[in-house]
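Here is the structure we will look at.
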2 protein chains.
Amino acid sequence: MQKEHNLSKNQKIIFDLIDKSGGPMKAYSILFNVQKKGIKAPLQVYRALDKLVEIGKIHKIESRNAFIACQNSSCQVSKATAFSICESCENVSEISNLKLSKYLSNFSDNSGMKYSKYNLEFFGLCKKCKSK
Amino acid sequence: MQKEHNLSKNQKIIFDLIDKSGGPMKAYSILFNVQKKGIKAPLQVYRALDKLVEIGKIHKIESRNAFIACQNSSCQVSKATAFSICESCENVSEISNLKLSKYLSNFSDNSGMKYSKYNLEFFGLCKKCKSK
DNA sequence: AACATTATGTAATAATATAACATTTAGAAG
DNA sequence: CTTCTAAATGTTATATTATTACATAATGTT
């Protein structure tokens, strides 16, 4: 069960925007979109983003400097994320594949490192873009 | 076998610096370090980095905006990369694990996407930092 | 030699992200 | 319900990362 976090005003505005967009959004595009709601400075956006990432409501797509709403309701915190990214249309979706997440969460090598988190990004062409 | 690319002057200067550093380096830190060799502008650095990434001599650590020399001589191009990152000391190493790379290269789901590339970043504490 | 491709040089600027400081709000503890 | 603390907000300035645009030079190919 996902713990219910009471989002603050700015956090809620920004989460709702990203969630409704259905895809990845960049920080300054978020800023532009929430200025009418009184959020005027980059830092206000980044602070909300940081918190939303921390509690697992959104994830950062590192290769794109963009943020997407978590599409996996069972994901309490962002400690094991996997995405598929179309290099043509830039569509992003979160992969929820139990076998994959188990495999990666249990991965260990001989480095002596204990892995507590991972992020995986797959790249390719989506169905639509392939057939063009 | 890795194809021998004849690196240009700037590419060679920048690759040698990253390679000798033994770890990840950031673009503007690279710039600072090569100014005495006549490379004066960010763009000169980014152009060399782009090319070096393209031919697989270096990889970008997306979560850190940093670049590291490829530690895997059989890696011709950067299409399948995995790294372990210590969140305390920021040490990064490239993981070369045949089982892992096979598993990920062959991964497919029901999205209809054909994955041609992936990047995986594991986070945790390295041996040294764990014992502190 | 002519051409195409790749690399370089330079200046300006765009895009992404954080530091520092003051104030306010929301919860928890008494 | 008041005192305390942690979290969130507001604001300005600035740091960091990366690209656009345009001119020139070097390299490789036919």
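No experiment lies behind these values; they were computed from the predicted model shown.
Cluster membership check: B:M25 does not share its hydrophobic cluster with B:I61, using side-chain heavy-atom separations under 4.5 Å among Ile, Leu, Val, Met, Phe, Trp and Tyr. Placement of B:Y28 and B:V34 within a single hydrophobic cluster is found when ILVMFWY residues are connected by side-chain heavy-atom separations under 4.5 Å, directly or transitively.
Within the 4.5 Å cutoff, the side chain of B:E90 has heavy atoms near those of the B:I85 side chain.
One donor-acceptor pair, N or O on each side, does fall under 3.5 Å between the base of C:dA17 and the side chain of A:Y28.
For A:F123 and B:Y115, the distance between ring centers is not under 6.0 angstrom.
As rounded to whole Å, 10 Å separates atom P of C:dT8 from atom CG of B:L7. Rounded to an integer number of Å, the gap from B:K12 NZ to C:dA7 C1' is 16 Å. At whole-Å resolution of the value, CG in B:N10 and P in D:dT27 are 12 Å apart. Protein atom CZ of A:R47 is 14 Å distant from nucleotide atom P of C:dA20, rounded to whole Å. Between the NZ atom of B:K37 and the P atom of C:dA7 there is a distance of 20 Å, given to the nearest Å. Regarding A:I13, its CD1 atom lies at a distance of 12 Å from the C1' atom of D:dT9, rounded to whole Å. Between B:L31 atom CG and D:dT16 atom P there is a gap of 13 Å when expressed in whole angstrom units. As rounded to whole Å, 11 Å separates atom C1' of D:dC22 from atom CG of B:L43.
Checked by atom type, the side-chain pair B:S63/A:E62 shows no donor-acceptor distance below 3.5 Å.
A sub-4.0 Å separation between OP1 or OP2 of D:dA15 and a side-chain N or O of B:K26 is absent. Contact annotation: A:Q44 side-chain N/O to D:dT9 OP1/OP2 distance is not under 4.0 Å. At the phosphate of C:dT10, OP1 or OP2 sits under 4.0 Å from a side-chain N or O atom of B:K40.
Of the two residues contacting DNA chain C, namely A:S29 and B:A41, the nearest-nucleotide position lying further toward the 5' end is that of B:A41. Between B:P42 and A:K51, it is A:K51 whose nearest contact on DNA chain D lies nearer the 5' terminus. Between B:S8 and B:N65, it is B:S8 whose nearest contact on DNA chain C lies nearer the 5' terminus.
Of the candidates C:dA17, D:dT12, D:dC22, the closest approach to any side-chain atom of A:Y46 belongs to C:dA17.
At the heavy-atom level, B:K60 lies under 4.0 Å from the strands shown only through sugar-phosphate atoms.
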